[in-house]
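Before any comments, here is the structure.
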Amino acid sequence: MAATKSKAVYNVYRALTHGLSPLLYLHLHWRKLRGLEHPLRWRERLGRPSLPRPEGPLIWFHAVSLGEGMAVIPVIKQCIQRRPDLTILMTTTTSSAFGVIEKRLPTGVLHQFAPVDTPSAVDSFLGYWKPNAIVLLESELWPNLIMAASEKGIMLALLNARVSTKSFKRWSGPALLPLISLMLSKFSLISPLSNMQAIHFQLLHAPPFVINFSGDLKYVVGEFDISEGEIKSMEDLKVHCAHRKVWMASSIHKGEEEVILGIHKVLRQEYPDLLTIIVPRHPHHGKEIAQKLWKEGHGLGLRSQRDKLLGDTSIYVVDTLGELKHLYKLSPVAVIGGSFFPSLSGHNISEAAAAGCATLTGPYIGHFSIMVLEMQRLNPLSVLQVGGKLELEEALRKLFGDVKVLEAHCAAAKQVYHTLSSGVVQNVWNLLDIQILQRALS
C-alpha cells in the first residue's frame with residue numbers, strides 16, 4: 001500500500017514537470033537574458049551536452065553552487081589518484097559557481113551545467129553521459145533524476161547530506177513523505193552532515209544501513225594554484241595591511257553592510273588606521289556598496305579594479321569570486337556574514353579558521369550551528385557567536401585592544417580547524433569506494 005502511494009505521488013510530480021517543460025525552457029531563456037545562466041552553454045540545463053563523452057566508466061559529481069562544489073573537489077582529487085581509469089564529470093547549477101570551479105578542477109575533469117529536473121532533460125542527460133554512479137551533495141534531492149537513475153541501475157550517493165528544518169517539516173507531511181521515502185530508498189550511501197541530520201533522514205524513512213557518517217566536507221579547505229599575478233597582488237595587499245588594524249566581513253548579504261559600516265564608523269574613531277574589508281556574497285552587491293561609499297566620499301578600494309591600499313583607504317570592497325581563502329590571510333579577524341538577520345542562515349566558517357583568523361559569526365547560522373558547536377566544544381575561543389551589532393562591536397574592540405587575546409583566538413581557530421578536518425576526505429573516499437564504486441564498477 002505504501003509503495004503504491006509513493007509511486008502515485010511520484011507519477012503526479014513527473015506529470016507536472018513534464019507539462020511544465022515548455023515553460024521551464026522559456027524561464028531558462030529569460031534567465032540567460034538576465035545574465036543568470038551561461039550565455040553560450042545554457043542549453044546544457046536541458047540535458048544537451050557540449051562535450052564528447054569519453055570511453056570507459058564515468059562518475060558524475062553534482063553540487064548546486066560554489067560552496068558545495070569547492071567542498072567536493074578534494075574528494076574528486078582523491079578519486080583521480082585512486083582510480084585514474086575513471087572519467088569524472090562535475091556539474092553545477094549556478095553560472096557564478098562555474099567561473100570559479102572550472103579553474104579549480106583537476107586536469108581531465110569534465111564540467112557541464114546540471115539538467116533541470118524534467119523527465120526529458122534528465123533522460124537526455126543520463127542517456128548521453130551514461131554514468132556508472134552519481135554523487136550528489138547536501139540536499140540535491142530531485143525526484144526525476146533519482147528515479148530515472150535507479151531505473152537505469154545507476155548507483156546513488158548523497159554526501160554532506162542535510163535537510164533544512166523547513167524542508168524537514170515539509171517532507172515529513174503526509175503529502176510528501178511517500179515521495180521522499182521512495183527517493184531515499186534508491187540511495188546506496190547517505191553520509192549525513194551530523195548525527196541530528198542522520199536522525200532526520202531515518203525519520204524520512206531512509207534505509208538505516210545506507211546511512212554512514214564520514215565528517216563534514218566543508219571543513220576541508222583544498223589547496224589551489226593561483227597565477228603569479230594573483231600571488232603578487234595578494235602580497236602587495238598584505239604589505240599594506242601589515243601595520244594596520246584590519247578586520248574582514250565576508251559573505252555579506254544585502255542589508256548586512258549597514259551593520260558592518262556602522263561598526264567601522266565607530267571603531268575608526270578609536271583606531272584611525274582601521275581597514276575594513278567587505279566581501280559581499282554576490283559581486284554585483286559589492287559594486288552597489290562601492291558606488292554608495294564613493295558618493296559619500298569614503299576612502300575606498302575596489303578589488304575588481306585592483307585598487308591599491310593607499311593611506312586614506314579605510315574600506316576595501318571585494319567584488320570578485322574565488323579569492324576568499326587567500327583574502328583571509330590578510331586579516332587577523334574575520335566576521336562571517338549571512339548571519340545577522342533572521343531570514344539568513346549563515347555561511348561556512350572553516351576557511352577563516354584554517355587561515356588562523358579570530359572567527360566571529362552572527363546569531364542566525366542555520367545548519368552551520370553544528371560546526372560552531374563542534375568548534376566551541378573543542379575550544380570556546382575558536383569561534384565567537386555574537387547576538388548582533390553591539391555585541392560584535394564590543395568583541396572587535398576587545399580583540400583590537402589586546403594583542404594576546406587576539407593571538408589566542410587566532411591560534412584556537414587554526415588548531416580546532418586542523419583537528420576537525422583531519423581524515424575527512426579519506427573517510428569519504430573509503431565509503432564511496434566500498435559502497436558505491438566497487439559495486440558500480442564490478
Side-chain angles (χ1 to χ4, degrees), residues 66-67 70 73-74 77 99-107 220-252 260 264 267-268 271-281 283 286-287 289-290 293-294 298-337 347-360 396 399-400 403 406-407 409-415 417-418 421:
L66 183 58
M70 297 295 277
I73 286 176
K77 288 182 176 179
V100 177
I101 288 177
E102 187 186 42
K103 297 175 184 176
R104 307 295 191 234
L105 286 174
T107 302
V220 182
V221 178
E223 293 297 325
F224 303 106
D225 294 330
I226 61 174
S227 69
E228 289 185 12
E230 289 173 314
I231 292 172
K232 186 179 186 309
S233 174
M234 289 295 173
E235 288 177 347
D236 288 344
L237 289 174
K238 195 169 186 177
V239 168
H240 288 286
C241 291
H243 302 293
R244 301 180 65 172
K245 300 288 187 184
V246 183
W247 68 297
M248 176 189 295
S250 63
S251 298
I252 296 299
I260 303 307
H264 169 82
L267 292 182
R268 197 164 184 235
Y271 306 103
D273 65 340
L274 182 72
L275 175 65
T276 299
I277 302 173
I278 300 178
V279 189
R281 182 70 173 167
K287 291 179 172 59
I289 294 171
L293 292 173
W294 272 322
H298 289 274
L300 175 70
L302 192 61
R303 179 62 182 161
S304 63
Q305 301 300 314
R306 293 299 188 260
D307 291 339
K308 295 187 179 297
L309 293 176
L310 304 175
D312 64 343
T313 303
S314 64
I315 301 172
Y316 191 66
V317 178
V318 179
D319 57 336
T320 56
L321 283 173
E323 297 188 293
L324 199 51
K325 174 190 166 186
H326 301 286
L327 288 165
Y328 278 131
K329 296 176 183 178
L330 304 177
S331 173
V333 180
V335 178
I336 313 304
H347 288 294
N348 190 7
I349 62 180
S350 65
E351 280 190 326
C357 297
T359 306
L360 302 93
L396 291 170
L399 292 171
F400 287 141
V403 173
L406 177 59
E407 289 176 347
H409 281 272
C410 292
K414 195 162 192 173
Q415 182 269 321
Y417 162 77
H418 284 298
S421 63

In this structure, CG of Asp273 is separated from OG of Ser314 (nearest 0.5 Å) by 11.0 Å

Heavy-atom distance under 4.5 Å between the side chains of Ile73 and Leu105, does that happen here?
-> yes

Grab the two heavy atoms, one from Pro106 and one from Lys77, that are nearest each other, plus how far apart they are.
-> CG-CG, 3.6 Å

Hey, are the side chains of Thr359 and Tyr328 touching, using non-hydrogen atoms and a 4.5 Å cut-off?
-> no

Who pairs with Arg281 by salt bridge (charged side-chain N to carboxylate O under 4.0 Å, His left out), at least two apart in sequence or on another chain?
-> none

Quick one: side chain to side chain contact (heavy atoms under 4.5 Å, CB included) partners of Glu102, sequence neighbours excluded?
-> Arg41, Phe98

CH2 of Trp247 to CG of Leu330, rounded to nearest 0.5 Å, is 15.5 Å

For the student: nearest non-hydrogen atoms of Leu302 and Gly286, plus distance | CD1-O, 4.5 Å

Lys329 versus Lys238, closest heavy-atom pair with distance = O-CE, 4.1 Å

Those residues at least two apart in sequence (or on a different chain) that pass side chain to side chain contact (heavy atoms under 4.5 Å, CB included) with His298 are Leu293, Glu296, Ile315

Which pair of heavy atoms, one from Gly337 and one from Ile252, lies closest together, and at what distance?
-> CA-CD1, 3.9 Å

Mind checking the CZ-OG1 spacing from Arg244 to Thr313? Nearest 0.5 Å is all I need.
-> 7.0 Å

Should Leu237 and Tyr316 count as side-chain neighbours, where that means a heavy-atom distance under 4.5 Å?
-> yes

Find out whether Phe400 and Leu274 are in side-chain contact, i.e. whether some heavy atom of one side chain is under 4.5 Å from a heavy atom of the other.
-> yes

Looking only at heavy atoms, which two atoms of Val246 and Pro332 are closest? And how far apart?
-> O-CD, 3.4 Å

Contact check, side chains of Leu327 and Met234, non-hydrogen atoms, under 4.5 Å | yes

Would you indicate whether the side-chain heavy atoms of Leu275 and Leu309 approach each other to under 4.5 Å?
-> yes

Distance-only donor-acceptor check, side chains His264 and Thr276, under 3.5 Å = yes

Side chain to side chain contact (heavy atoms under 4.5 Å, CB included) between Leu66 and Arg104, intermediate numbers included = CA-CA 11 Å; Leu66 183 58; Arg104 307 295 191 234; over 6 Å; no

Apply side chain to side chain contact (heavy atoms under 4.5 Å, CB included) to Ser251 and Leu324, showing your working.
-> CA-CA 9 Å; Ser251 298; Leu324 199 51; 4.2 Å; yes

Kindly write out the residues that satisfy salt bridge (charged side-chain N to carboxylate O under 4.0 Å, His left out) with Asp236, not counting sequence neighbours, or none if the list is empty.
-> Lys232

Who are the side chain to side chain contact (heavy atoms under 4.5 Å, CB included) partners of Lys287, not counting sequence neighbours?
-> Ser304, Asp319

Can you list the residues that meet the side chain to side chain contact (heavy atoms under 4.5 Å, CB included) rule with Glu235, with sequence neighbours excluded?
-> Ile231

On a heavy-atom basis, the closest approach of Cys357 and Ala413 is O-CB, 3.3 Å

